[in-house]
Amino acid sequence: MARRPLPRILSTGSAQIARSRELARTAADSATDVLHPLITITRGLRRLASAGRRRWADTPKDKRGPLLFLVASVVLVVALVPYGPLLAVITLMAAAAWQGRDRTPAAPDGPDESQTQRLRSLYEALVPYFSTAEDPDPLFTHGGEWDKAFPVYEFDETGRITQLVIRYPAYFTDGEADSRARIEQLLHAKSGRGREYRFAWDEEGNQLSVTVLPPLPTDIAAQRFVTSPGETVLGFTDPTEVRRTLPLTYGEEQRDVPPVVWRTGARSTEPHLLVMGQPGSGTSTLLRSIALQALLHGDVVIIEGGGTGEYTCLTGRDGVLAVECGLTGALASLEWAATETERRLIAMNRARQAGHQPPDDTKRPLWILLDRPSAFTHLAAADGHRDPQSLLQVPLRHGRAAGVTVVVADQFDSADALSDAVRQHTRARVVLGPATPEQLAAVLGAPPRTTPAADVPPGRGYARLGTGPVHRLQVPATPDPHDEETSETARQAVLALLPPLTTPADAETVPAEAMAADAP
């Protein structure tokens with residue numbers, strides 16, 4: 001059937017409505033300009049009348065008679081004087097125009113004295129870095145004109161800089177990381193500590209843009225995210241860094257927040273993830289968040305080297321194949337994962353050679369989550385067992401084709417214990433908690449374009465997917481629901497995302513009454 005075109009009123013109605021609104025707005029502005037004197041005089045007459053009423057109300061009753069006689073005498077004199085009424089009307093209109101003028105104080109043109117002093121101090125501090133003795137016309141010189149070097153600047157209510165554009169000479173070595181780091185450190189100190197700054201270097205235009213970043217929201221609780229299969233939300237970042245937003249629920253309200261989405265699967269270029277951080281930085285929180293999202297479409301194997309029971313809430317849940325805290329269980333689970341990866345590869349290869357679709361038992365994603373595997377490395381070396389990380393070579397190397405994803409989380413003090421396979425095949429990287437610039441560059445492969453936060457809350461850090469940019473990251477709050485310090489709201493949010501409890505694979509699902517009794 002041929003498609004009928006939309007009626008003209010429907011296809012062009014929006015454009016006509018927009019044009020009509022623009023014409024109406026233009027006509028209103030023109031009318032306001034034409035009638036501005038009349039509006040001013042009317043406003044002044046209203047203010048004069050109000051002042052007269054207040055003066056009459058404030059006058060004592062015994063003095064109102066003489067006041068009326070005085071007013072009547074003035075009116076009579078004005079009426080008898082030649083051109084008196086005309087002069088009285090002109091005087092009244094002039095007084096009304098004066099009283100009706102716009103008394104809103106004009107915005108100051110340029111910075112005030114304190115802001116000027118701050119900019120001049122910053123300019124003087126940059127002189128040793130942006131000037132040389134051989135420059136015949138230096139842009140930066142002691143006692144020079146700072147307004148030529150700072151074409152754009154903005155301040156907040158407290159008088160501190162929120163945005164600044166700096167012009168620097170072309171001979172400055174802006175291509176060297178050390179030169180940039182010195183300038184960024186100086187600007188961070190002189191513009192005010194305790195805030196996060198983003199530095200954008202325009203090497204072609206010889207300009208540096210400095211922007212103060214607002215803190216990332218820390219009140220994002222665990223919830224169902226609107227994502228497709230193969231997408232995992234690592235956390236949330238600045239709205240200027242990503243083009244996508246997710247609708248999130250905050251109690252009864254809803255907001256759109258930009259996420260950092262990690263894509264896995266056969267077409268992913270970053271099939272595995274490495275998370276590094278300090279103790280208490282939120283690495284286990286991120287792994288719990290990933291596990292809850294992975295259980296929607298796949299199976300999960302969790303291996304915890306810390307032995308703190310961070311994942312006991314997932315034990316016996318539907319889709320959770322194992323939660324191991326000991327060396328023997330970790331070795332058995334990782335050996336099974338390596339064998340399962342090989343089995344999937346063989347089955348998929350045979351199906352492709354026969355011209356068939358891959359078997360159903362190879363399509364369901366398998367996630368292997370390891371929290372602090374370096375702890376097992378020391379135990380294995382002491383007991384003479386095999387290092388569990390050596391069993392990750394097959395899942396890491398062939399996991400993308402087999403639908404197996406590996407997530408490793410560890411601490412900076414144990415970074416040397418990570419195997420070469422983990423370092424080589426984990427192209428998605430996350431750093432949580434306080435970290436030095438050297439640690440960030442070593443893990444992420446590139447330094448972040450922002451200064452570190454003064455107060456680092458749990459789950460706060462940076463993320464980089466492959467060779468992409470470094471994003472600020474805030475992990476959604478996914479605490480252990482069995483922890484006594486967890487608030488009731490956060491506990492219920494995590495419990496609502498847990499899959500139902502199950503008995504062994506050959507048994508039936510646990511009834512709903514048992515599930516309710518298990519919930520704290």
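These numbers come from a predicted model, not from an experiment.
- Under the 3.5 Å distance criterion, the side-chain polar atoms of R195 are left unmatched by any main-chain donor or acceptor of V212.
- Of the N and O atoms on the side chains of E335 and T339, not one donor lies less than 3.5 Å from an acceptor on the other residue.
- Note: F172 and Y168 have perpendicular aromatic rings, judged against thresholds of 30 and 60 degrees for the angle between ring planes.
- Although no hydrogens or angles enter the test, the distance criterion places no donor-acceptor pair under 3.5 Å between the side chain of W367 and the main chain of V407.
- Between the side chains of W201 and E184, at least one donor N or O sits under 3.5 Å from an acceptor N or O.
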Problem set entry | side-chain contact (heavy atoms from CB on, under 4.5 Å) assessment of L331 paired with F376 | CA-CA 9 Å; L331 289 172; F376 290 127; over 6 Å; no
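- R317 places no side-chain N or O within 3.5 Å of a backbone atom of L498 that could act as its donor or acceptor partner.
- The minimum heavy-atom distance between V456 and P434, with the atom names listed, is CG1-N, 4.0 Å.
- The shortest heavy-atom contact between G305 and A375 is O-CB, 3.4 Å.
- Applying the 6.0 Å contact sphere to CD of Q357 captures no more than 12 heavy atoms from other residues, nucleotides or ligands.
- A salt bridge does not link R472 with E241: every distance from a Lys NZ or Arg NE/NH1/NH2 to an Asp or Glu carboxylate oxygen is 4.0 Å or more.
- Taking 4.5 Å as the limit, every side-chain heavy atom of L139 sits out of range of all side-chain heavy atoms of F130.
- Considering I302, V408, V422 as possible partners of L370, the one that fulfils the side chain to side chain contact (heavy atoms under 4.5 Å, CB included) test is V408.
- Taking every heavy atom of both residues into account, P358 and A351 meet most closely at CA-CB, 4.0 Å.
- Heavy atoms from other residues, nucleotides or ligands lying under 6.0 Å from CG of D416 number 12 at most.
- Among residue pairs with one or both ends in residues 381-393, those qualifying as side chain to side chain donor-acceptor pair (under 3.5 Å) are T377-D387, T377-Q389, R386-S390, Q389-S419; sequence neighbours excluded.
- In this structure, R288 contributes its side chain and E310 its backbone to a donor-acceptor pair below 3.5 Å.
- The 12-atom threshold is not exceeded at CD of E485, counting heavy atoms of other residues, nucleotides or ligands nearer than 6.0 Å.
- Within the 4.5 Å cutoff, side-chain heavy atoms of P279 are placed close to those of Q411.
- Using a 4.5 Å cut-off on side-chain heavy atoms (C-beta onward), P259 and F225 make no contact.
- Surrounding CZ of R397 are at most 12 heavy atoms belonging to other residues, nucleotides or ligands under 6.0 Å away.
- A salt bridge links E231 with R244: the closest approach of a Lys/Arg side-chain nitrogen to an acidic carboxylate oxygen falls below 4.0 angstrom.
- Here T227 contributes atom OG1 and L246 contributes atom CG; the two are 7.5 Å apart, rounded to the nearest 0.5 Å.
- Using a cutoff of 4.0 Å between basic side-chain nitrogens and carboxylate oxygens, E176 and R182 are not scored as salt-bridged.
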Problem set entry | From CA spacing to verdict: side-chain contact (heavy atoms from CB on, under 4.5 Å), V320, Y311 | CA-CA 11 Å; V320 180; Y311 308 94; over 6 Å; no
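- Note on ring orientation: taking the six-membered ring where Trp is involved, the planes of Y123 and F140 are parallel (angle under 30°, cut-offs 30° and 60°).
- The CD atom of E196 sits 6.5 Å away from atom CG of L216, with the distance rounded to the nearest 0.5 Å.
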For this session: Show your reasoning for whether side-chain contact (heavy atoms from CB on, under 4.5 Å) applies to L321 and E340.
Result: CA-CA 13 Å; L321 303 182; E340 174 65 12; over 6 Å; no
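- T362 contributes atom OG1, which lies 11.5 Å from atom CG of N349 (distance to the nearest 0.5 angstrom).
- Here D455 does not pair with R460 in a salt bridge; the nearest charged N to carboxylate O distance is not below 4.0 Å.
- Residue Q163 qualifies as enclosed at atom CD: its count of foreign heavy atoms under 6.0 Å is above 12.
- A donor atom on one side chain and an acceptor atom on the other are not found under 3.5 Å apart for T240 and D238.
- The two atoms that bring A222 and V494 nearest to each other are CB-CG2, 4.4 Å, heavy atoms only.
- The list of ring pair (Phe, Tyr, Trp, His ring centres under 6.0 Å) pairs with a residue in residues 333-353, not counting sequence neighbours, is empty.
- With rounding to the nearest 0.5 Å, the separation of CD in E270 from OG1 in T426 is 11.5 Å.
- When all heavy atoms are compared, the tightest approach of D480 to G309 is OD2-O, 3.7 Å.
- Taking CG of L473 as the start and CG of L432 as the end, the distance is 6.5 Å to the nearest 0.5 Å.
- Not one N or O on the side chain of R118 forms a donor-acceptor pair closer than 3.5 Å with the backbone of L122.
- For the pair D299 and R364, the salt-bridge criterion is met [side-chain N within less than 4.0 Å of a carboxylate O].
- A donor-acceptor contact closer than 3.5 angstrom links the side chains of D371 and S284.
- Judged by distance alone, with hydrogens and angles left aside, the side-chain atoms of R344 form a donor-acceptor pair with the main-chain N or O of A402 at under 3.5 Å.
- Using a 4.5 Å heavy-atom threshold, the side chains of L465 and L234 count as touching.
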Problem set entry | From CA spacing to verdict: side-chain contact (heavy atoms from CB on, under 4.5 Å), I161, F155 | CA-CA 4 Å; I161 295 174; F155 295 86; 3.6 Å; yes
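- Listed here is the closest heavy atom pair of R464 and V470: CD-CG2, 3.9 Å.
- With R427 contributing its side chain and T269 its backbone, the two residues share a donor-acceptor pair below 3.5 Å.
- Residues V260 and F236 are not in side-chain contact: their nearest non-hydrogen atoms beyond the backbone lie 4.5 Å or more apart.
- For the atom pair OH (Y129) and OG (S179), the distance works out to 10.5 Å, reported to the nearest 0.5 Å.
- Q207 contributes no side-chain N or O that, together with a main-chain N or O of V165, makes up a donor-acceptor pair within less than 3.5 Å.
- Atom CG of D420 has 12 or fewer heavy atoms from other residues, nucleotides or ligands within 6.0 Å.
- A donor-acceptor contact shorter than 3.5 Å is absent between the side chain of E438 and the backbone of T436.
- Side-chain contact between L314 and L295 is present, with heavy atoms from C-beta onward closer than 4.5 Å.
- Judged by distance alone, with hydrogens and angles left aside, the side-chain atoms of H272 form a donor-acceptor pair with the main-chain N or O of V406 at under 3.5 Å.
- In this structure, Q474 and P457 have side chains that are in contact, with non-hydrogen atoms separated by less than 4.5 Å.
- Side-chain contact between L208 and L187 is present, with at least one heavy-atom pair separated by less than 4.5 Å.
- Within a 6.0 Å sphere centred on CZ of R350, other residues, nucleotides and ligands contribute 12 heavy atoms or fewer.
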